[in-house]
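In what follows, chains carry the letters A, B, and so on, assigned in the order in which the sequence lines appear, proteins first and then strands, with residues in each chain numbered from 1.
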There are 2 protein chains.
Amino acid sequence: MGRHREFDVEKALDAVLCVFWSKGYEGTSYTDLTEAAGVERPALYSAFGNKEALFAHALDRYYERYLNYIPDALHKPTSREVAAHMLYNAIDLNTRYPKHTGCFNITGLLAGSDDAEPVRQMLIDVRARGEALFRERLERAKAEGDLPATAKPDALAAYLMAVLHGMAVQAKAGFSRETLEAVAEQALATWPSSSTSVSAGSSQD
Amino acid sequence: MGRHREFDVEKALDAVLCVFWSKGYEGTSYTDLTEAAGVERPALYSAFGNKEALFAHALDRYYERYLNYIPDALHKPTSREVAAHMLYNAIDLNTRYPKHTGCFNITGLLAGSDDAEPVRQMLIDVRARGEALFRERLERAKAEGDLPATAKPDALAAYLMAVLHGMAVQAKAGFSRETLEAVAEQALATWPSSSTSVSAGSSQD
DNA sequence: CAGATTTCGTAATGACCGTTATTAAACCGC
DNA sequence: GCGGTTTAATAACGGTCATTACGAAATCTG
């Protein structure tokens with residue numbers, strides 16, 4: 001019983017997500033959010049809780065709707081294909097929307113006042129979870145012989161995540177998709193392989 | 001004539017720099033700055049101007065005092081040494097101070113409200129200037145035969161900057177110096193070379 | 001239709017934001 | 001020591017922040 005909700009909760013969350021994506025947590029005001037969602041302030045509060053809870057909802061949705069290529073990537077047969085899939089899908093995501101380039105997660109992770117420390121920590125934790133999944137996939141690749149026995153899955157995972165994070169920064173700095181693809185190509189040029197003999201150092205033309 | 005200044009302008013700017021380094025531009029309040037500098041608000045205003053001008057002063061000082069390894073790196077004889085010097089000095093800088101890990105520039109570049117857009121643009125411009133210097137150095141290396149004729153200096157420069165920015169993010173996420181060194185090692189494993197035959201793909205052990 | 005319940009929209013809350021009058025104190029040349 | 005000048009410190013400014021009472025409107029059950 002009671003009055004029905006007049007706005008679409010999913011659509012409102014999508015609008016909120018885009019604003020946070022562009023400006024980060026503290027860079028976004030509640031007025032920004034209500035204007036983007038087309039919903040009055042108390043309505044957003046009753047639907048999602050306070051600003052921090054709303055950001056958490058947006059973060060969940062970001063992983064569900066935009067980072068859903070990660071599970072797909074992890075299922076690729078070889079570690080090289082996993083890496084390539086993650087790189088090129090990240091580039092697409094980081095440059096697809098001119099209004100909010102880069103990565104939602106990384107954008108909010110770096111700066112913030114002391115009050116926003118819980119939010120930063122939340123982003124740090126989620127990021128670490130993603131890297132752990134990738135590392136475990138590389139450990140499997142090593143066990144399967146897809147990576148050489150000398151390979152270090154943890155270092156390799158950290159390395160590729162560094163490239164991904166760096167591209168998120170560069171996308172925010174206005175880099176084109178083409179430039180980022182050149183970055184990815186360079187990163188993949190050094191990817192280790194167990195079977196084939198590699199000549200990665202001169203693979204760029 | 002007139003009353004003498006009772007605080008050390010240089011020391012105040014150093015203190016201010018550290019706070020901005022940790023929290024970014026908007027994450028830092030003027031109260032944070034005056035408390036760190038041990039200087040009352042009007043004194044900071046009279047010495048540096050408003051918050052944006054103060055941040056610009058801090059950015060200048062950051063490049064003078066902490067990124068002074070970049071000119072040294074660019075003077076190394078080979079492009080590989082240039083890259084290695086930049087990577088390992090960046091790691092040291094990004095992990096040296098537990099109170100403000102990562103990179104001052106990258107920390108403030110990603111997020112911010114619309115009011116802070118000029119500051120973000122300032123950081124984007126300075127970052128681009130650094131990458132341009134590196135790219136020009138790689139073009140010289142190519143002309144000198146230090147890099148193969150097939151090398152693409154712009155892509156190579158963007159790639160290494162991506163790794164550097166990614167490490168700045170990871171430092172902010174709590175990565176240890178050792179982990180970042182493994183990342184740098186992986187990044188260098190693929191660095192192109194004109195003379196020696198390369199087997200970068202299996203160079204990790 | 002009556003009563004209970006939920007949402008909506010206005011408007012207000014106290015706290016903090018960056019910035020600056022204003023007044024008192026310290027220094028200079030004379 | 002005195003007038004002119006610069007700095008120091010207190011305290012205030014209007015504006016925006018996130019958050020929420022409160023009363024009107026809308027929907028359900030009975």
Side-chain angles (χ1 to χ4, degrees), chain A residues 1-13 15-17 19-20 22-59 108 111-123, chain B residues 1-13 15-17 19-20 22-59 108 111-123:
Chain A
M1 51 179 110
R3 182 171 176 175
H4 297 314
R5 190 165 264 144
E6 293 183 359
F7 66 95
D8 187 334
V9 178
E10 305 287 313
K11 282 191 181 299
L13 184 54
V16 162
L17 166 55
V19 185
F20 277 136
S22 169
K23 305 184 184 182
Y25 177 67
E26 284 192 320
T28 303
S29 74
Y30 220 91
T31 301
D32 292 334
L33 298 174
T34 56
E35 285 176 358
V39 166
E40 297 300 325
R41 304 160 93 85
L44 266 188
Y45 271 92
S46 75
F48 301 104
N50 68 2
K51 189 184 179 188
E52 186 173 331
L54 178 51
F55 186 83
H57 278 101
L59 177 59
S113 75
D114 295 342
D115 289 348
E117 190 60 27
V119 172
R120 291 209 318 113
Q121 198 58 50
M122 169 165 73
L123 293 170
Chain B
M1 52 178 115
R3 183 171 174 174
H4 298 314
R5 190 164 264 145
E6 293 182 358
F7 68 93
D8 187 332
V9 178
E10 305 286 314
K11 283 190 182 299
L13 185 54
V16 162
L17 166 56
V19 185
F20 277 136
S22 168
K23 306 184 184 183
Y25 177 66
E26 284 192 321
T28 303
S29 74
Y30 220 91
T31 302
D32 291 336
L33 298 173
T34 55
E35 285 177 357
V39 167
E40 296 301 325
R41 302 162 93 89
L44 266 187
Y45 272 92
S46 74
F48 300 103
N50 67 1
K51 190 186 179 186
E52 185 173 331
L54 178 50
F55 185 83
H57 278 102
L59 177 59
S113 75
D114 295 342
D115 289 348
E117 189 59 27
V119 172
R120 290 208 320 114
Q121 199 57 51
M122 169 165 80
L123 294 170

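C:dT13 atom P lies 17 Å from atom OH of A:Y45, rounded to whole Å. One atom, CZ of A:F48, and another, C1' of C:dT7, lie 14 Å apart when rounded to the nearest Å. Remark: C1' of D:dT7 and CG of B:D8 are 16 Å apart, rounded to the nearest angstrom. Computed from coordinates, the A:D115 CG to D:dA18 P distance equals 11 Å when rounded to whole Å. Residue A:E26 contributes atom CD, which lies 9 Å from atom P of D:dA18 at whole-angstrom precision. Residue B:L44 contributes atom CG, which lies 12 Å from atom P of D:dA9 at whole-angstrom precision. The CD-P distance, from B:E40 to C:dA25, rounds to 16 Å in whole Å.
For the residue pair B:E26 and B:K51, the shortest heavy atom distance occurs at CA-NZ, 4.0 Å.
Among the nucleotides D:dA9, D:dT19, C:dG9, the one closest to any side-chain atom of A:K51 is D:dT19. The side chain of B:P42 has D:dA9 as its nearest neighbour among C:dC8, D:dT7, D:dA9. Considering only the side chain of B:R41, D:dA11 comes nearest among D:dA9, D:dA11, C:dC17. Looking at the side chain of A:A43, the nearest of the listed nucleotides D:dA21, D:dA18, C:dC8 is C:dC8.
At C:dC17, none of the side-chain N or O atoms of B:Y30 fall inside 4.0 Å of OP1 or OP2 (strictly under the cut-off). Taking side-chain N and O atoms only, B:H4 has a distance below 4.0 Å to OP1 or OP2 of C:dC28. Contact annotation: A:S29 side-chain N/O to D:dC17 OP1/OP2 distance is under 4.0 Å. At the phosphate of D:dT19, OP1 or OP2 sits under 4.0 Å from a side-chain N or O atom of A:N50.
Residues B:T31 and A:R5 each lie close to DNA chain C; by heavy-atom proximity, the contact nearer the 5' end of the strand is made by A:R5.
A:T34 contributes a side-chain N or O that, together with a main-chain N or O of A:T31, makes up a donor-acceptor pair within less than 3.5 Å.
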Problem set entry | Test side chain to side chain contact (heavy atoms under 4.5 Å, CB included) applied to B:D114 and A:K23, step by step | CA-CA 8 Å; B:D114 295 342; A:K23 305 184 184 182; 3.2 Å; yes

For this session: Before giving the answer on side chain to side chain contact (heavy atoms under 4.5 Å, CB included), spell out for B:F20 and B:L59 the whole-Å C-alpha distance, their side-chain angles and the decisive distance to 0.1 Å.
Result: CA-CA 9 Å; B:F20 277 136; B:L59 177 59; over 6 Å; no

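Residue B:T34 is classed as having no contact, given no heavy-atom separation below 4.0 Å to the nucleic acid.
Using cut-offs of 30° and 60° for the angle between ring planes, the A:Y25 and A:F55 rings count as perpendicular.
If you check distances only, the side chain of B:R3 never reaches the base of D:dA8 with a donor-acceptor pair under 3.5 Å.
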